[in-house]
Amino acid sequence: MDWIISDELGLTVGHLVGWAAAGAMIVGGVAPYIPQYRQIKRTQDAEGFSLYVCLALLIANTLRILFWFGKRYELPLLVQSIVMNITMFVMIHLCVTVRKTNQIIRTRERIFTAQPDEAAHWMDQRSGINAGEHPHRFYDMERKYFWAWTDFQSYVDCMLVFSVIGAAIMYLMIEFAPFVELIGFLAVFTEAMLGAPQIAKNHQNKSTEGMSLSMVVMWTCGDVFKTAYFVLREAPTQFWVCGSMQVTLDIVILIQVWLYRHNTAAARRMRRGD
């Protein structure tokens, strides 16, 4: 029997532990990005952090929010998804701002919403170029420029389009249980693959310079806690299976930190001008 803390309120140790765990789920998901944010802010260098990490989390948490309407899970997990989306937009805003500041040679603006001719005309105006002086039209929607736009609003617009389309489909298919379960799986699977873009970025650079080690350590601790929470709270199966995958990818990144430690140290000395 739980020890009664207050007969009047009916609080028990179990209640307090449950509330603490729920609070940790909400805040703990955001905490790993605080050291990464501070590092980018301090160094004014966002090249070591992959914006595809933000894309993966935005898609995963948007799908998880839609999944809640089809299959109600615990409210703290829903709140966590909303808070995480806000955090990812904050990270994107910082990275876009820093990259614009660091541009030595001004490049053409790349935006999400404009049509090709409109985009070219808009960018020509921004660059002070007459339409006749620049016959080649620029296409913002080329695949290689997806999620590599130069203004923050484009990222917001992209996720708004994704959310509206996803909400419409969920509304039409909400009575079809296999579809709802698929959305739940895609949500947690996308989040489970969160570390993949960072792994690819580290492998490409052969270095982890610019990536916050504190962020990855906190990722790992948070994902272990989160997976245990899913199991103990009997969350849908998709949650704890994909949580285990996420822990595995975190460990791979930590292995990269060790493998590329010499390259990382050399890159850090070069950046400092030592």
Should we say atom [atom1] of [X] is surrounded by more than 12 heavy atoms from elsewhere, each under 6.0 Å from it?
{"X": "F162", "atom1": "CZ", "value": "yes"}
{"X": "R38", "atom1": "CZ", "value": "no"}
{"X": "K206", "atom1": "NZ", "value": "yes"}

Does a side-chain heavy-atom distance below 4.5 Å link [X] with [Y]?
{"X": "N85", "Y": "T62", "result": "yes"}
{"X": "L55", "Y": "F146", "result": "yes"}
{"X": "L259", "Y": "N202", "result": "no"}
{"X": "S214", "Y": "V217", "result": "no"}
{"X": "W219", "Y": "V53", "result": "yes"}

Would you say the side-chain atoms of [X] and [Y] include a donor-acceptor pair closer than 3.5 Å?
{"X": "N205", "Y": "E209", "answer": "no"}
{"X": "T227", "Y": "S244", "answer": "no"}
{"X": "S154", "Y": "D151", "answer": "yes"}

Parallel, tilted or perpendicular, as decided by the 30° and 60° cut-offs, for the rings of F185 and F189: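 Aromatic pair F189/F185 classed parallel.
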List the atom of [X], the atom of [Y], and the distance in Å for their closest heavy-atom pair.
{"X": "S81", "Y": "I65", "answer": "CB-CG1, 3.8 Å"}
{"X": "A60", "Y": "A187", "answer": "CB-O, 3.2 Å"}
{"X": "A56", "Y": "T190", "answer": "O-CG2, 3.4 Å"}
{"X": "L249", "Y": "A192", "answer": "CD1-O, 3.1 Å"}
{"X": "I59", "Y": "M159", "answer": "N-CE, 4.1 Å"}
{"X": "A46", "Y": "R99", "answer": "O-NH2, 3.2 Å"}

Is [Y] reachable from [X] through a run of hydrophobic residues whose side-chain heavy atoms are each under 4.5 Å from the next?
{"X": "F69", "Y": "V164", "result": "no"}
{"X": "V224", "Y": "M218", "result": "no"}
{"X": "F225", "Y": "V247", "result": "no"}
{"X": "I251", "Y": "M245", "result": "no"}
{"X": "L63", "Y": "V241", "result": "yes"}

Which distance, rounded to the nearest 0.5 Å, do you find between the [atom1] of [X] and the [atom2] of [Y]?
{"X": "I253", "Y": "T248", "atom1": "CD1", "atom2": "OG1", "answer": "11.5 Å"}
{"X": "T208", "Y": "N263", "atom1": "OG1", "atom2": "CG", "answer": "9.0 Å"}
{"X": "I82", "Y": "T87", "atom1": "CD1", "atom2": "OG1", "answer": "12.0 Å"}
{"X": "D250", "Y": "M215", "atom1": "CG", "atom2": "CE", "answer": "9.5 Å"}
{"X": "M170", "Y": "S163", "atom1": "CE", "atom2": "OG", "answer": "12.5 Å"}
{"X": "L213", "Y": "Q39", "atom1": "CG", "atom2": "CD", "answer": "9.5 Å"}

Candidate pair V96 and T150, rule side-chain contact (heavy atoms from CB on, under 4.5 Å), full reasoning: CA-CA 6 Å; V96 170; T150 54; 5.9 Å; no
Lys/Arg cation over aromatic W68: R64, 6.0 Å, 45° cone: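 That pair does not qualify as a cation-pi contact.
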Passing option when D45 is tested against R42, E47, K41 for side-chain contact (heavy atoms from CB on, under 4.5 Å):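 Running side-chain contact (heavy atoms from CB on, under 4.5 Å) over R42, E47, K41 with D45 returns exactly one hit, E47.
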Identified side-chain contact (heavy atoms from CB on, under 4.5 Å) counterpart of L94 within the set Y37, F89, F152: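 Per the side-chain contact (heavy atoms from CB on, under 4.5 Å) rule, the option paired with L94 is Y37, out of Y37, F89, F152.
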Expected output: side-chain W149 to main-chain Y155 donor-acceptor under 3.5 Å: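 No: the side chain of W149 does not pair with the backbone of Y155.
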Exam field: side chain Q198 to backbone F49, donor-acceptor pair closer than 3.5 Å: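 Answer holds: no.
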Q36/I40 under side-chain contact (heavy atoms from CB on, under 4.5 Å): CA gap, chis, key distance, verdict: CA-CA 6 Å; Q36 182 68 70; I40 294 174; 3.6 Å; yes
Stepwise side-chain contact (heavy atoms from CB on, under 4.5 Å) check, W258 with I255: CA-CA 5 Å; W258 183 81; I255 292 173; 5.5 Å; no
Audit row: L254, T220, side-chain contact (heavy atoms from CB on, under 4.5 Å) steps and yes/no: CA-CA 9 Å; L254 291 175; T220 307; 3.7 Å; yes
